[in-house]
Enquirer: 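Could you have a look at this structure, given as structure tokens, before my questions?
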Amino acid sequence: MSEQTNGGGAAGRGIPDKPGLEGLEAAWSAWWEAEGTYAFDRGAPRGQVFAIDTPPPTVSGSLHIGHVFSYTHTDTVARFHRMRGKAVFYPMGWDDNGLPTERRVQNHFGVRCDPHLPYDPDFVPPSEPPKQPVAVSRPNFVALCHQLTAQDEQVFERLWRTLGLSVDWSQTYATIAERAQRVSQRGFLRLARRGQVYQRTAPTLWDVDFRTAVSQAELEDRERPGAYHRLRFPRVGAPGGVEIETTRPELLPACVALVAHPDDERFRPLFGTEVTTPLFGVRVPVVAHELADPEKGSGIAMICTFGDTTDVVWWRELGLTTRTVVGRDGRLLPVEWGAAGWETETPDRAATAYADLVGRTVVQAQRRIVELLTDSGDLLGEPRPITHPVKFYEKGERPLEIVSSRQWFVETLPLRDRLLARGQELRWHPPYMAHRYRAWVEGLTSDWNISRQRFFGVPFPVWYPVDGAGEADYGAPILADEAALPVDPSTDVPPGYAEAQRGTPGGFVGDPDVMDTWATSSLTPQIAGGWEDDPDLFSRVFPMDLRPQAHEIIRTWLFATVVRSELEHGSLPWTDAAISGWVLDPDRKKMSKSKGDVVTPLPLIETHGADAVRYWAAGGRPGTDTAFDEGQMKVGRRLATKVLNASRFILGRLTDGGGAGAVPPVEAVTAPLDRAMLGRLAVVVDEATTAFEAYDYARALERTEAFFWAFCDDYLELVKSRAYGEGADAGTASARAALAAALSVLLRLLAPILPFVTEEVWSWWRDGSVHAAAWPTPDELGVPPDTVPALDPATDLVLEVAAEVLGRVRRAKTTARRSMRAEVAVLTVVDAAARLDALASAESDLCAAGHVHRLVTHVGDQPSAEVVLAAE
RNA sequence: GGGCGCUUAGCUCAGUUGGUUAGAGCGCAGCCUUCACACGGCUGAGGUCGGAGGUUCGAGUCCUCUAGCGCCCA
């Protein structure tokens with residue numbers, strides 16, 4: 001034996017003199033990889049498989065303690081099911097698709113994508129990002145994305161391996177890789193062929209900086225200052241005017257109607273009449289709609305195309321005309337006043353006014369039009385400042401505009417009832433998380449826009465024919481052949497065409513857009529499970545068992561995955577969803593990188609050890625936000641150390657120098673004290689099993705840990721002298737058999753939480769991996785499963801009373817400021833007869849542990865323990 | 001404004017269908033160099049369960065109202 005024997009993989013290799021935790025992560029993760037401990041058994045039938053739809057982390061994001069937290073939860077569950085004999089399908093995905101990667105590449109290399117540039121095969125990014133970004137072609141840009149994400153993925157994998165995730169590393173995928181692209185495109189083509197996806201030019205939420213459409217799920221409201229501007233609209237064919245209030249006066253040229261509530265007496269006479277817009281002289285109707293709020297502003301509002309989402313509703317439901325003035329760059333578009341659609345009473349005046357606005361941003365245009373309206377006298381009074389919620393893209397910096405553009409939509413609104421039913425069918429952990437899904441589905445207002453006008457994403461496998469006039473015919477998309485997937489319509493050619501015909505009359509053009517990131521990640525079960533590409537694998541893992549994820553993406557990732565599975569397979573994608581909470585900083589605020597209080601995980605693992613960090617994570621109950629607490633990691637480390645030392649003691653008693661094979665049978669357990677301990681452990685096994693089955697790793701840990709500390713503090717002390725015995729008498733045999741059984745069970749109970757230290761100890765006396773060992777049962781503790789958790793009260797009392805009296809003896813010694821080894825001349829215990837009987841059967845253990853010379857007992861109503869210490 | 005969750009010792013949290021003096025860990029204080037463990041052991045002091053009302057023989061545990069915190073959505 002040497003001092004440096006941690007890890008290394010040789011099983012049954014004996015007990016080190018001075019066990020430690022250093023180096024366990026590196027040694028055992030290498031051994032697991034070499035042994036294939038976590039390899040998925042592809043021969044297992046579906047019923048024997050436990051399949052996990054692992055969340056693919058965004059690799060372009062920073063590593064966060066929150067990752068460690070939630071991924072540890074999933075890993076404990078994976079390990080439990082593996083020990084229960086399931087073939088665990090535990091893949092790892094990398095989400096390297098989409099905007100976050102694009103932005104990181106732009107900043108990291110100092111480049112920007114210009115899709116009009118040709119590919120430069122010799123391009124090398126600057127060594128230092130220049131101040132002025134270098135324009136590169138789309139293929140060059142994408143290559144840089146791949147280069148950087150590959151690096152990021154290695155960093156993540158290293159962290160996961162160090163943390164001890166029992167992932168099968170041969171089962172990895174990336175959301176931008178060929179397989180994911182193929183699955184995404186195939187999924188799209190299937191939707192298209194079934195008519196479940198459609199293309200429409202429609203008002204679209206638009207981020208003018210990212211120049212992309214944004215879906216409902218990506219919106220957030222932010223409170224922003226604004227001002228009500230009171231404008232007067234002259235009536236047509238009647239005296240007087242109508243006063244409205246608006247926060248968007250720059251959209252006056254886009255005004256298509258005024259609207260008030262149908263029951264609003266003030267405006268009822270106006271419904272059906274017309275007014276003209278100030279400055280532009282456009283005749284617009286006055287209409288009624290329930291969404292008009294009589295309390296807001298003057299009670300009557302102008303409808304513009306489009307100022308906000310309510311405008312869209314009014315425009316659609318009231319069948320209004322369209323006058324678009326805001327372009328995709330957020331600036332006002334040129335308008336030909338007097339032309340069709342832009343009819344006006346005063347074309348010259350409108351043109352003059354608009355000439356001051358065209359080309360300006362909405363903010364600049366607002367400033368200018370206020371001046372114009374002031375000069376013309378149409379603006380009444382001073383603008384009235386307010387604060388109101390404005391819609392933003394969650395990653396954006398300027399308010400969203402609403403523009404008309406051509407987008408692909410997945411039909412979700414007609415699915416609402418089926419989606420609600422699936423939400424009820426899914427088992428949620430914790431159950432109340434189901435509300436979030438239901439509320440989202442019930443609140444859906446539009447189909448799912450899956451088009452994004454970006455570059456690093458999965459392209460739509462679609463081209464459009466170009467007519468003789470050179471115009472693309474978007475109504476007749478040419479779909480790719482499934483066998484050819486993945487395709488990039490910007491470089492690949494549709495069936496029946498030649499590359500030379502690209503963009504020419506009679507030729508074709510590719511769809512320039514890429515899919516929303518959720519359009520790809522909604523297919524993670526299909527991507528990881530090998531849908532169509534590997535039908536044998538897919539049949540063994542789908543529908544999967546578990547989707548673990550965070551609660552803030554229930555409305556996006558979880559929802560979208562349910563949608564795709566429902567449309568493609570007519571089933572749930574998994575049976576269970578385990579929703580993890582947040583990591584909060586010690587001030588109970590959500591940790592976020594914007595606050596700069598992010599704790600990077602790897603140094604924590606290096607400081608405290610992976611088991612200790614996992615211990616902290618596993619203390620966070622499912623769905624519950626948990627404070628970041630290094631103190632808990634210290635506790636976890638102490639637990640791991642205790643496991644080493646207690647194991648060393650127990651195994652040292654078992655072997656008598658014999659070796660790994662010397663494991664006495666549980667039938668040798670005869671002493672009541674030993675049976676009481678095993679009885680309690682059987683209850684713990686039962687509770688931990690039930691808890692893990694319900695995905696409650698935290699409860700499993702809590703019960704196991706509580707038992708383990710009491711086991712060390714009381715039972716080990718009480719049994720020590722027998723365990724040190726020669727081994728000839730039955731008492732010693734009983735103690736050793738009980739210790740062996742308890743240790744074996746405890747290591748396996750702790751293995752999902754503390755995989756490294758349990759594997760280390762297991763290797764001292766057992767062959768193979770503890771993580772491949774069977775999950776413990778009450779049966780192997782000599783306790784028939786059907787008697788759990790009903791303990792035999794008389795037996796259990798032995799341990800209870802013995803531990804209690806031992807505590808009294810300790811207290812007396814502490815009070816007397818004496819060592820625990822101090823001799824007790826006489827110990828007098830007064831208690832109920834049954835309890836004294838129980839104590840009697842552990843008398844020799846108690847006296848040995850407490851160094852008690854003489855035990856005197858009296859039956860009495862007032863329990864007491866009098867300790868007379870021997871002279872020093 | 002709507003929905004969900006939380007509020008128990010200084011801190012972080014348990015408390016499963018309502019039932020004897022409300023539990024744990026950390027921290028704190030004191031004691032013990034004990035032959036598995038000083039990366040230790042032992043012992044102890046700390047709450048009446050956010051507030052108000054109600055149901056009940058009995059409530060932290062059920063109901064109503066209320067305050068505060070957090071998240072999601074409008």
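Here is how names work: the chains are called A, B, and so on, in the same order as the sequence lines, proteins then strands, and each is numbered from 1.
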Enquirer: So which one's nearest nucleotide on RNA chain B is more toward 5', Glu687(A) or Gly631(A)?
Expert: Glu687(A)
Enquirer: What's the CZ-P distance between Arg648(A) and C37(B), to the nearest Å?
Expert: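 Arg648(A) atom CZ is separated from C37(B) atom P by 6 Å.
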Enquirer: Taking atom C1' of C72(B) as reference, at what distance in whole Å does atom CH2 of Trp428(A) sit?
Expert: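 In whole Å, C72(B) C1' lies 13 Å from Trp428(A) CH2.
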Enquirer: Can you tell me the pairing partner of C62(B) across any strand shown, Watson-Crick or G-U wobble, with both distances under 3.5 angstrom?
Expert: G54(B)
Enquirer: Taking the same atom, C1', in C11(B) and in G53(B), what whole-Å distance lies between them?
Expert: 32 Å
Enquirer: Distance between the C1' atoms of A14(B) and A24(B), in whole angstroms?
Expert: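 Going atom to atom, C1' in each nucleotide, I get 7 Å.
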Enquirer: For Leu806(A) and Arg818(A), find the nucleotide of RNA chain B closest to each by heavy atoms; which residue's nucleotide sits nearer the 5' end?
Expert: Arg818(A)
Enquirer: Determine the Euclidean distance between corresponding C1' atoms of G15(B) and G25(B); express it in Å to zero decimal places.
Expert: 15 Å
Enquirer: Quick one: does any side-chain atom of Glu823(A) pair with a main-chain N or O of Ala870(A) as donor and acceptor, under 3.5 Å?
Expert: no
Enquirer: Would you tell me if any nitrogen or oxygen in the side chain of Arg699(A) comes within less than 4.0 Å of OP1 or OP2 on U16(B)?
Expert: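 Negative; the distance criterion is not met.
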Enquirer: Which nucleotide in the list A14(B), C42(B), C32(B) gets nearest to the side chain of Asp713(A)?
Expert: C42(B)
Enquirer: Quick one: sort the His551(A) and Trp582(A) rings into parallel, tilted or perpendicular, breaks at 30° and 60°.
Expert: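 Ring orientation of His551(A) relative to Trp582(A): perpendicular.
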Enquirer: I want to check a possible cation-pi pair here: Arg648(A) against Trp764(A), using under 6.0 Å from ring centre and within 45° of the ring axis as the test.
Expert: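 Here Arg648(A) fails the 6.0 Å and 45° test against Trp764(A).
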Enquirer: Can you tell me which nucleotide in C26(B), C4(B), A38(B) comes closest to the side chain of Val635(A)?
Expert: C26(B)
Enquirer: Expressed as a whole number of Å, how far does the C1' atom of U8(B) sit from that of A59(B)?
Expert: 14 Å
Enquirer: Over all heavy atoms of both residues, which pair between Ala803(A) and Leu718(A) is shortest? Give the atoms and the distance, please.
Expert: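 Shortest heavy-atom contact: N-CD1, 4.2 Å.
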Enquirer: Side chain of Arg638(A): nearest nucleotide among C39(B), G30(B), U12(B)?
Expert: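 In terms of side-chain proximity for Arg638(A), the closest of C39(B), G30(B), U12(B) is C39(B).
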Enquirer: Answer yes when Asp686(A) and Arg703(A) have at least one side-chain N-carboxylate O distance shorter than 4.0 Å, and no when they do not.
Expert: no
Enquirer: If you only use heavy atoms from C-beta on, which nucleotide in G41(B), C4(B), C13(B) is closest to the side chain of Tyr432(A)?
Expert: C4(B)
Enquirer: To the nearest Å, how far apart are Asp696(A) CG and A14(B) C1'?
Expert: 11 Å
Enquirer: With rounding to whole Å, what would you report as the distance between U7(B) and C63(B) at their P atoms?
Expert: 15 Å
Enquirer: Below 4.0 angstrom from OP1 or OP2 of C31(B), is there any side-chain N or O of Arg811(A)?
Expert: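 Checking Arg811(A) against C31(B): no side-chain N or O falls below 4.0 Å of OP1 or OP2.
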Enquirer: On a whole-Å scale, what distance lies between the C1' atoms belonging to C6(B) and G40(B)?
Expert: 37 Å
Enquirer: Over 60° means perpendicular and under 30° means parallel, so classify the ring planes of Phe69(A) and Trp616(A), tilted if in between.
Expert: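 Geometry flag for Phe69(A) against Trp616(A): tilted rings.
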Enquirer: Tell me which nucleotide, if any, is Watson-Crick or G-U wobble paired with C6(B) when both distances must be under 3.5 Å.
Expert: G68(B)
Enquirer: State which of C37(B), C39(B), A14(B) makes the closest approach to the side chain of Asn645(A).
Expert: C37(B)
Enquirer: Take atom CG of Leu716(A) and atom P of G40(B), then tell me their distance rounded to the nearest Å.
Expert: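 Answer to the nearest Å: 17 Å.
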Enquirer: Base, sugar-phosphate alone, or nothing: which one does Arg637(A) contact when heavy atoms must sit under 4.0 Å apart?
Expert: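 The answer is base, as Arg637(A) lies within the cut-off (heavy atoms under 4.0 Å) of a base atom.
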Enquirer: Taking atom C1' of U43(B) as reference, at what distance in whole Å does atom CD of Glu804(A) sit?
Expert: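 Checked: the CD to C1' distance equals 15 Å.
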Enquirer: Check every atom of C42(B), G5(B), A14(B) against the side chain of Arg621(A) and return the nucleotide holding the closest atom.
Expert: A14(B)
Enquirer: Using 30° and 60° as the class boundaries, would you call the ring planes of Phe306(A) and Trp315(A) parallel, tilted or perpendicular?
Expert: perpendicular
Enquirer: Rounded to the nearest Å, what distance is computed from the OH atom of residue Tyr715(A) to the C1' atom of nucleotide C42(B)?
Expert: 21 Å
Enquirer: Nearest of C13(B), C71(B), C39(B) to any side-chain atom of Trp582(A)?
Expert: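 That would be C71(B).
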Enquirer: Which value, in whole Å, describes the distance between the P atoms of nucleotides U20(B) and U61(B)?
Expert: 14 Å
Enquirer: Tell me if G46(B) is syn or anti. Syn = glycosidic torsion within 90° of 0, anti otherwise.
Expert: syn
Enquirer: Can you tell which of C42(B), G5(B), C71(B) lies closest to the side chain of Arg810(A)?
Expert: C42(B)
Enquirer: Taking CZ from Arg817(A) and P from U33(B), how many angstroms apart are they, rounded to a whole number?
Expert: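 From Arg817(A) CZ to U33(B) P: 12 Å.
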Enquirer: Any side-chain donor paired with an acceptor under 3.5 Å for Thr641(A) and Arg637(A)?
Expert: no
Enquirer: May I ask you to say what Lys634(A) touches in the nucleic acid, namely base, sugar-phosphate or nothing, with a heavy-atom cut-off under 4.0 Å?
Expert: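 Nothing, no heavy atom under 4.0 Å.
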Enquirer: Whole angstroms only, please: what is the CD-P distance between Glu442(A) and C4(B)?
Expert: 11 Å
Enquirer: Can you tell me if the side-chain N/O atoms of Lys813(A) get under 4.0 Å from OP1 or OP2 in U34(B)?
Expert: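 No, because none of the side-chain N or O atoms of Lys813(A) sits under 4.0 Å from OP1 or OP2 of U34(B).
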Enquirer: Can you tell me, in whole Å, how much space there is between the C1' of C13(B) and that of A22(B)?
Expert: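 Nearest-Å result for C13(B) against A22(B) at atom C1': 14 Å.
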Enquirer: Which nucleotide, G30(B), C4(B), A14(B), lies nearest any side-chain atom of Thr814(A)?
Expert: G30(B)
Enquirer: Among G25(B), C37(B), C13(B), which nucleotide has an atom closest to any side-chain atom of Glu717(A)?
Expert: C37(B)
Enquirer: Scan Ala439(A) against the nucleic acid and name what it touches under 4.0 Å (heavy atoms): base, sugar-phosphate only, or nothing.
Expert: nothing
